[in-house]
Amino acid sequence: MTTMVKAEQVCKSFGALQVLKGVTLEVQRGQVMCIVGPSGSGKSTFLRCINHLEQVNAGRLYVDGDLIGYRERGGKLHEISPKDAAKQRREIGMVFQHFNLFPHRTALENIVEAPMQVKGVKRDAAVKKARELLDRVGLSPKAEAYPAQLSGGQQQRVAIARALAMEPKLMLFDEPTSALDPELVGEVLAVMKQLAGEGMTMLVVTHEMGFAREVADELVFMDGGVIVESGNPREVLSNPKHERTQAFLSKVM
Ligand code: ADP
Ligand code: MG
């Protein structure tokens with residue numbers, strides 16, 4: 001097994017507010033890690049550090065062996081250029097709570113945008129791939145629909161297809177179902193489960209404990225900017241060792 005994500009003592013502050021206080025973890029290629037924890041514990045910030053949407057104050061993050069956001073010279077870290085950061089980010093798909101589709105573009109046009117603009121993929125090839133992806137997320141008939149004509153669950157599935165169009169080696173999900181009506185959550189989780197089954201490496205911040213139990217290889221409980229507890233999801237969920245994990249789980253389950 002090879003390591004896809006490696007975080008070493010990652011620290012991040014916003015002014016005086018210390019949000020990440022030394023986060024260390026590893027995700028192996030093809031594995032799914034779920035991160036759970038109370039609001040404000042630093043989960044989103046951690047995901048944003050992985051694709052260098054945030055600078056870290058200390059520690060290191062590697063994706064597939066590449067140091068993210070910095071170059072090391074003579075033992076010192078120098079931030080890479082925005083252009084190089086964007087290049088690293090291309091290989092990391094991110095799906096947010098709010099789907100952020102272009103409202104004036106169809107589902108298909110939303111998906112072909114980045115491959116054509118960023119990777120220079122020819123339109124025919126991009127469209128062919130987009131149709132395959134729409135099929136994979138169960139939305140073939142919606143290729144020509146605009147976001148406003150789609151349900152939240154459908155929009156989120158388009159957003160997943162859009163991220164996959166860049167052929168990422170890692171997918172980050174930040175509460176992808178939190179903004180959805182309850183009856184639409186399942187269809188998005190089903191797509192994510194299928195993606196996991198196909199071998200995608202995934203880091204998923206979620207409150208869906210059923211998904212975590214069924215799909216994740218490892219569950220991490222984060223609170224106050226540190227990993228409080230981690231392990232096999234079934235074990236952590238049925239027998240949490242730390243009192244903060246117990247308190248959190250008793251609220252959400
Ligand atoms: P979570 O995703 O676990 O709910 P976040 O990572 O979003 O937590 O936030 C952790 C803490 O960092 C919160 O207190 C939040 O208010 C703060 N925070 C997040 N982003 C910023 C920012 N850009 N500037 C200042 N504070 C921020
Ligand atoms: Mg968050």
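Numbering of ligands and ligand atoms starts at 1, following listing order.
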(Q) Quick check on the hydrophobic clustering: are Val23 and Ile92 connected, directly or via other members, by side-chain heavy-atom contacts under 4.5 Å? (A) yes
Q: Without swapping roles, check the side chain of Arg123 against the backbone of Met116 for a donor-acceptor pair under 3.5 Å.
A: no
Q | Donor-acceptor contact present, side-chain Lys142 to main-chain Thr106, <3.5 Å | A | no
Q) Any heavy atom of Pro38 sitting closer than 4.0 Å to ligand 1? A) yes
Q: Check whether any side-chain heavy atom of Val191 lies under 4.5 Å from a side-chain heavy atom of Gln156, and answer yes or no.
A: no
Q | Heavy-atom check, side chain of His52 versus side chain of Glu79, under 4.5 Å | A | yes
Q. N/O of Gly42 under 3.5 Å from N/O of ligand 1, yes or no?
A. yes
Q | Polar protein atoms near the Mg ion (ligand 2) [N, O or S; cut-off under 2.8 Å] | A | Ser44 OG
Q. So which protein heavy atom does atom 4 (O) of ligand 1 come closest to, and at what separation?
A. Gly40 N, 2.7 Å
Q: List the closest protein heavy-atom neighbour of atom 7 (O) of ligand 1: residue, atom name, distance to the nearest 0.1 Å.
A: Ser44 CB, 3.7 Å
Q: Could you tell me whether the side chain of Ile50 reaches within less than 4.5 Å of the side chain of Ile68, counting heavy atoms only?
A: no
**Q.** Atom indices of ligand 1, in the order listed, that fall short of 4.0 Å to a heavy atom of Ser39
**A.** 4 (O)
Q) Between CG of Leu17 and NZ of Lys12, what distance do you get to the nearest 0.5 Å? A) 10.5 Å
Q. Which atoms of ligand 1 have any heavy atom of Val19 under 4.0 Å away?
A. 10 (C), 11 (C), 12 (O)
Q | Nitrogen or oxygen of Leu17 less than 3.5 angstrom from that of ligand 1 | A | no
Q: Just jot down the ring pair (Phe, Tyr, Trp, His ring centres under 6.0 Å) partners of Phe221, sequence neighbours excluded, or say none.
A: Phe248
Q.
Is there a polar contact between ligand 1 and Lys43, counting only N or O atoms under 3.5 Å apart?
A. yes
**Q.** CG-CE distance between Leu25 and Met222, expressed to the nearest 0.5 angstrom
**A.** 8.5 Å
(Q) Give me the nearest non-hydrogen protein atom to atom 6 (O) of ligand 1 as residue plus atom name, then the distance to 0.1 Å. (A) Thr45 OG1, 2.5 Å
Q.
Determine whether any protein heavy atom is located less than 4.0 Å from atom 16 (O) of ligand 1.
A. no
(Q) When you compare the side chain of Pro115 with that of Met166, does any pair of heavy atoms fall below 4.5 Å? (A) yes
Q. Can you find a non-hydrogen atom of Gly37 under 4.0 Å from ligand 1?
A. no
Q: For the residue pair Thr24 and Ile227, establish whether any side-chain heavy-atom pair is separated by less than 4.5 Å.
A: no
Q. Closest non-hydrogen protein atom to atom 23 (N) of ligand 1, residue and atom name please, with distance?
A. Phe14 CE2, 3.5 Å
(Q) Count I, L, V, M, F, W, Y as connected when their side-chain heavy atoms are under 4.5 Å apart, and connections chain through other members. Are Ile111 and Leu164 then in the same cluster? (A) yes
